[in-house]
Amino acid sequence: MKIVLLRHGESKNDKLTKLGKKQVKLVLNQLKSYDFKKILCSPQTRCIETAKIVSKHLKQSFQIEDNLKERWQLEHSPVTKEEELWWNNYLNYNFSTTLKESCKDYLDRNFKVFNFLKQNFCENDSVLIVAHSATSYALLNYVVGVKNPIYWTKIGNANFMVFEI
């Protein structure tokens, strides 16, 4: 199965900017070569706006998937020792915290989506996920050790990666 991950375009206050919409449109031609069996989307507004552009272009509906929501991040530089510790261990799978969501929790939440896709779609199927750059980190962790190529095309903020699992 191919999972195509499309990151939203440039955004401000969770909405695509004019440039962000243009970035998404620049990626559209590369998406035409896929016959997507399903399109999943993060519930964040910038991802929904991106999915609407893609959906209109591909003439295919999308489904919002809550497990693809963005991971909580600090809105400022670390102030407290707990925030600093969290920031320094942001990608440490074994680090637990009382601050929002740990890396393990984030990855486990995303892995539920990837496991669902793997169990419900065939080897030759393609699925599109419209989400965040951290989702690519989660997906990469999901396929670690798999010897399949990862393709990356980046056009500004909007970019997509293809994972074969």
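Just so you know, residue 1 is the first one in the sequence shown, and it goes up from there.
A51 and C41 get closest at one heavy-atom pair: CB-SG, 3.7 Å. Annotation for L31 and L58: closest pair O-CD2, 4.2 Å, computed over non-hydrogen atoms. For M1 against V127, the heavy-atom pair with the smallest separation is SD-CG2, 4.0 Å.
At a threshold of 4.5 Å between non-hydrogen side-chain atoms, the residues V54 and F62 do not count as touching. H57 is not listed as a side-chain neighbour of K25, based on a closest heavy-atom distance of 4.5 Å or more. Considering only heavy atoms from C-beta on, K52 comes within 4.5 Å of I48 through its side chain.
Atom OG1 of residue T135 and atom NE2 of residue H8 lie 8.5 Å apart, to the nearest 0.5 angstrom. Between N110 atom CG and K69 atom NZ the span is 10.5 Å, to the nearest 0.5 Å. Going from atom CD of E49 over to atom NZ of K15 covers 6.0 Å, rounded to the nearest 0.5 Å. Put simply, NZ on K2 and CG on N124 are 8.0 Å apart, with the number rounded to the nearest 0.5 Å. Taking CG from L6 and CG from L40, the interatomic distance works out to 12.5 Å, rounded to the nearest 0.5 Å. Rounded to the nearest 0.5 angstrom, I53 CD1 and L28 CG are separated by 7.5 Å.
Not a single side chain to side chain donor-acceptor pair (under 3.5 Å) links S133 to another residue, sequence neighbours left out.
Ion pair E70/R46 flagged as a salt bridge, since at least one NZ, NE, NH1 or NH2 atom sits closer than 4.0 Å to an Asp/Glu carboxylate oxygen.
Remark: side-chain polar atoms of S11 are not paired, donor with acceptor, to backbone N or O of D14 under 3.5 angstrom. A donor-acceptor pair is defined here as one N or O able to donate and one able to accept, closer than 3.5 Å; such a pair exists between the side chain of Q23 and the backbone of E10.
No single ILVMFWY cluster, assembled from side-chain heavy atoms under 4.5 Å apart, contains both V24 and L19.
Counting only residues at least two apart or in different chains, salt bridge (Lys or Arg N to Asp or Glu O under 4.0 Å) contacts with residues 101-114 comprise E101-R109, K104-D108.
Ring geometry for F36 versus Y34: interplanar angle under 30°, hence parallel rather than tilted (30 to 60°).
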